Protein chains: 4
Amino acid sequence: MTSSPAGRGRPRDERSGAAIIQAAAELVAEGGYAATSIGAVAARAGVGKDTIYRRWSGKPELVYEAVFTAAETADLPDTGTLEGDLTALVQSLVEEFSAPAAAAALPGLLADFAAAPHLRATIRTRFLQPAKERLVAVFDRAGQRGETSANLPVDLVLDTLAGAVFFHLGITGERPAPDLARRIAAMIVKGIEAR
Amino acid sequence: MTSSPAGRGRPRDERSGAAIIQAAAELVAEGGYAATSIGAVAARAGVGKDTIYRRWSGKPELVYEAVFTAAETADLPDTGTLEGDLTALVQSLVEEFSAPAAAAALPGLLADFAAAPHLRATIRTRFLQPAKERLVAVFDRAGQRGETSANLPVDLVLDTLAGAVFFHLGITGERPAPDLARRIAAMIVKGIEAR
Amino acid sequence: MTSSPAGRGRPRDERSGAAIIQAAAELVAEGGYAATSIGAVAARAGVGKDTIYRRWSGKPELVYEAVFTAAETADLPDTGTLEGDLTALVQSLVEEFSAPAAAAALPGLLADFAAAPHLRATIRTRFLQPAKERLVAVFDRAGQRGETSANLPVDLVLDTLAGAVFFHLGITGERPAPDLARRIAAMIVKGIEAR
Amino acid sequence: MTSSPAGRGRPRDERSGAAIIQAAAELVAEGGYAATSIGAVAARAGVGKDTIYRRWSGKPELVYEAVFTAAETADLPDTGTLEGDLTALVQSLVEEFSAPAAAAALPGLLADFAAAPHLRATIRTRFLQPAKERLVAVFDRAGQRGETSANLPVDLVLDTLAGAVFFHLGITGERPAPDLARRIAAMIVKGIEAR
DNA sequence: CAGTAATCGAGACGGTACGTCCCGTCTTTGA
DNA sequence: TCAAAGACGGGACGTACCGTCTCGATTACTG
């Protein structure tokens with residue numbers, strides 16, 4: 001969200017921003033990303049369209065913030081094993097992406113980010129940054145335990161995890177099997193030769 | 001593509017269909033998925049809009065066919081090892097998805113397929129079916145060699161491969177590193193030795 | 001209606017022409033002139049569009065024939081007075097123009113005839129010719145009785161009669177008052193005593 | 001023209017409305033009513049289609065206003081006789097309907113008004129109201145002079161005048177003879193038994 | 001009696017216009 | 001300066017018809 005540029009003039013009403021976020025999240029959950037137009041968000045939030053454009057530069061940024069910012073960033077528990085830690089991490093990804101609004105928004109959102117040059121580069125950062133930080137922490141702990149070597153391919157693992165979860169949830173729309181996170185994590189742990 | 005219902009009336013002109021496919025592929029490659037409108041395709045193909053809607057029910061179906069139907073279905077070589085075969089398969093996925101029109105179309109296309117209820121179910125079929133067949137063949141050969149156990153998680157592997165490739169190519173827009181296919185394949189081969 | 005050009009080849013099926021006329025008249029009566037498309041006429045008549053275009057050059061000609069050709073050309077009774085004869089003539093105009101299909105078709109039909117250069121000149125002929133012949137006969141009888149002078153302004157009277165009837169029926173859609181014909185005729189009879 | 005419902009929001013730009021009116025009048029004069037599409041009007045006026053639909057509900061209303069609103073409502077001169085006054089009135093009708101844009105628009109316009117139920121009733125009001133007011137004034141003056149009795153059939157006379165003029169100008173497309181107005185007026189004056 | 005030719009129903013063809021929706025910007029009044 | 005409201009130019013949508021054309025099949029006259 002863009003911050004108010006200066007202290008001059010009438011300050012922005014924080015309640016407008018909150019109402020916009022809520023309206024956007026509701027519309028995404030109800031009708032999907034494509035049906036969530038800026039005009040509809042403004043109407044539901046009781047706000048003018050400019051009030052939205054003043055804060056966000058477009059629909060992708062707004063919906064991203066409406067849908068993904070609420071995500072938990074709670075630290076993952078230390079389960080004592082790499083596979084346990086990784087399962088917990090993948091499970092948190094699954095939960096984040098399978099929330100109704102997130103699942104409804106994800107494909108369209110990724111498409112708009114991928115189509116806009118100035119947004120392409122930020123996809124990994126915005127969508128995967130929290131997961132990446134936790135993945136690095138998990139790998140660090142595993143290294144300290146002696147479970148893994150150094151120089152693990154963090155980005156490859158991250159894309160693989162995210163890709164697998166994205167294809168299951170965002171694309172096919174299936175409810176995730178309860179052991180999905182465990183199976184993915186197990187495969188990856190073996191795959192990176194953690195023994 | 002819908003086939004003409006019966007032999008009655010004037011038959012559809014195959015050249016129109018071909019011109020539409022070509023125009024759609026060009027426009028996707030030039031301007032991306034969002035900028036490829038039915039009207040623009042019609043204008044470039046020298047065709048009326050109805051001639052497009054007669055054959056395809058909308059932009060997603062048209063662009064899918066324009067971009068992905070040309071895909072190679074050549075059989076993969078038998079390299080003698082699971083890792084070699086899998087590398088070849090992932091490499092073919094990388095090449096299919098990194099063709100200019102395909103890379104430009106993929107995110108928007110997946111988003112539209114995911115958003116339309118009647119198309120959601122077909123995503124795995126339409127986008128991944130050829131890859132799945134080849135994956136099954138690769139696993140069969142590996143099983144005959146004694147490299148793997150039976151009951152390998154085909155769909156899990158497929159989603160993982162596709163997800164990893166999709167995130168690298170479709171989303172980030174980066175040119176694929178030359179060894180990307182090998183690294184993904186290596187990770188998966190090790191990963192599925194588990195159960 | 002265009003006649004079949006020569007005796008060679010398969011002769012036209014007269015039943016097709018009749019079915020087209022009937023379908024056109026029905027559609028005009030049901031939905032009005034604008035809703036009567038050539039395609040709809042063809043579909044209802046169980047006929048291909050070309051079978052229509054082979055016989056008529058367009059919608060105006062077809063609808064004109066469908067709606068106005070059935071008109072009575074029965075001779076008017078000799079009532080013994082100019083006013084009586086003229087009332088009968090105007091009444092026949094009223095009846096012709098207030099038939100459901102005619103009233104529904106007339107404004108659109110006149111508009112299309114007026115807009116097409118090759119049809120403009122024929123309006124008076126096609127729409128008013130039978131009325132004109134009867135008007136001349138009425139005037140002749142009145143002259144022989146000594147009721148009128150010669151050189152009556154036939155076309156002026158005809159336009160005036162037709163215009164008054166057209167405005168009442170075609171335009172306003174009102175049901176004609178029972179004495180409408182008598183009042184118009186009375187006014188005209190008095191009016192033409194001048195010069 | 002629909003007025004902006006309240007003082008809220010950006011007011012409509014009068015120049016847009018004026019440009020639309022002018023473009024519509026030009027297109028009607030150049031190509032006739034049928035060739036005057038909303039899209040073409042918008043393009044010539046340098047305006048979006050919505051800007052037209054915001055002000056008028058369709059082509060008939062727009063063209064009516066473009067073509068007939070400019071009409072003179074100047075009071076008619078008092079010539080001292082009913083026949084003179086009526087001639088002046090008919091002459092003003094002739095001039096109004098024989099302006100290029102009006103003559104080109106009239107048949108199609110009447111057809112569309114007659115075909116649309118919500119417009120039918122307004123034809124007399126919109127097209128003939130100014131003429132009717134002047135006709136009443138003319139009759140009043142004649143009554144004060146003692147030329148006519150009371151209870152003259154205003155609507156009958158009006159339809160007759162309008163019908164005669166409409167058939168001469170709108171339908172046949174002929175240039176009006178110089179004495180057309182005088183002849184029509186003379187006939188009507190006699191017809192209503194003004195002595 | 002075979003050949004030729006026009007007609008038939010069907011529906012595809014390139015094209016134009018429709019009226020609606022949304023985009024992102026601009027312009028008003030009011031706080 | 002921000003706010004709600006809504007007008008603005010622009011562009012895409014999917015549908016409906018236009019009048020022409022191309023099919024395979026049928027039905028007559030002609031040589």
Side-chain angles (χ1 to χ4, degrees), chain A residues 4-13 16 34-40 42-43 45-54 57-59, chain B residues 4-13 15-17 34-40 42-43 45-55 57-59, chain C residues 4-13 15-16 34-40 42-43 45-55 57-59, chain D residues 4-13 15-17 34-40 42-43 45-55 57-59:
Chain A
S4 197
R8 310 234 300 160
R10 173 176 171 177
R12 291 187 184 160
D13 187 338
S16 294
T36 303
S37 68
I38 296 286
V47 142
K49 285 201 290 177
D50 273 6
T51 302
I52 297 181
Y53 282 110
R54 222 172 272 126
S57 59
K59 184 165 94 164
Chain B
S4 200
R8 314 240 293 158
R10 175 177 175 176
R12 295 193 183 153
D13 188 337
R15 291 169 305 178
S16 296
T36 303
S37 69
I38 296 285
V47 142
K49 283 200 290 177
D50 271 8
T51 300
I52 298 182
Y53 283 110
R54 219 173 277 128
R55 290 169 166 76
S57 59
K59 185 165 93 162
Chain C
S4 198
R8 310 241 299 163
R10 173 177 174 173
R12 292 189 185 160
D13 188 338
R15 291 170 304 175
S16 294
T36 303
S37 68
I38 296 286
V47 142
K49 285 200 291 177
D50 271 5
T51 301
I52 297 182
Y53 282 110
R54 222 173 272 125
R55 289 167 167 77
S57 62
K59 184 165 93 163
Chain D
S4 199
R8 315 240 294 160
R10 174 177 175 174
R12 295 193 183 153
D13 189 337
R15 291 169 305 178
S16 296
T36 302
S37 69
I38 297 284
V47 143
K49 281 200 292 179
D50 271 7
T51 300
I52 297 181
Y53 282 109
R54 217 173 277 127
R55 289 170 167 76
S57 58
K59 186 165 91 161

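As the structure is a computational prediction, the values presented were derived from the model and not from experiment. To find a chain, count down the sequence lines: A is the first, B the second, and so on, and within it residues start at 1.
End-to-end axis angle of the helix from dC1(E)-dG31(F) to dA31(E)-dT1(F), from C1' rotation axes over five pairs per end: 20° (rounded to 10 degrees).
Applying the side-chain contact (heavy atoms from CB on, under 4.5 Å) criterion to A34(D), with sequence neighbours excluded, gives no partner residue. Not counting sequence neighbours, the partners of D13(B) by the salt bridge (Lys or Arg N to Asp or Glu O under 4.0 Å) test are R15(B). For A43(B), there are no side-chain contact (heavy atoms from CB on, under 4.5 Å) partners at least two apart in sequence or on another chain. Residues passing the side-chain contact (heavy atoms from CB on, under 4.5 Å) test with A35(A), sequence neighbours excluded: none.
One atom, CD1 of I52(A), and another, P of dA5(F), lie 12 Å apart when rounded to the nearest Å. As a whole-Å value, the separation of R15(B) CZ from dG14(E) C1' is 13 Å. The separation between R12(B) atom CZ and dG11(E) atom C1' is 9 Å, rounded to whole Å. Taking atom CZ on R54(C) and atom C1' on dA5(E), their separation rounds to 12 Å, with Å as the unit.
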Taking only nitrogen or oxygen atoms into account, show me every contact under 3.5 Å that the protein makes with nucleotides 28-30 of chain E, one pair per line with its distance.
{"unit_1": "dG30(E)", "atom_1": "N2", "unit_2": "R10(A)", "atom_2": "NH1", "d": "3.1"}

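Using a 4.0 Å cut-off, no side-chain N or O of T51(B) falls inside it from OP1 or OP2 of dA12(E). For the OP1/OP2 pair of dC8(E) and a distance below 4.0 Å, the side-chain nitrogens and oxygens of R55(C) include at least one atom meeting the criterion. Residue S16(B) places at least one side-chain N or O closer than 4.0 Å to OP1 or OP2 of dG14(E).
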| field | Under 4.0 Å protein heavy-atom contacts per nucleotide of nucleotides 18-24 of chain E, with B for base, S for backbone only and - for none | value | SBBBBSB

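Residues I38(D) and I52(D) share a closest heavy-atom pair of O-CD1, 3.8 Å. Closest of all the heavy-atom pairs between G39(B) and K49(B) is CA-CD, 4.1 Å.
Atom CG of D50(C) and atom CZ of R55(C) lie 11.0 Å apart (nearest 0.5 Å).
Mapping V47(C) and A34(D) onto DNA chain E by nearest heavy atom places V47(C) closer to the 5' end of the strand.
Between T51(D) and R54(D) the shortest side-chain heavy-atom distance falls below 4.5 Å.
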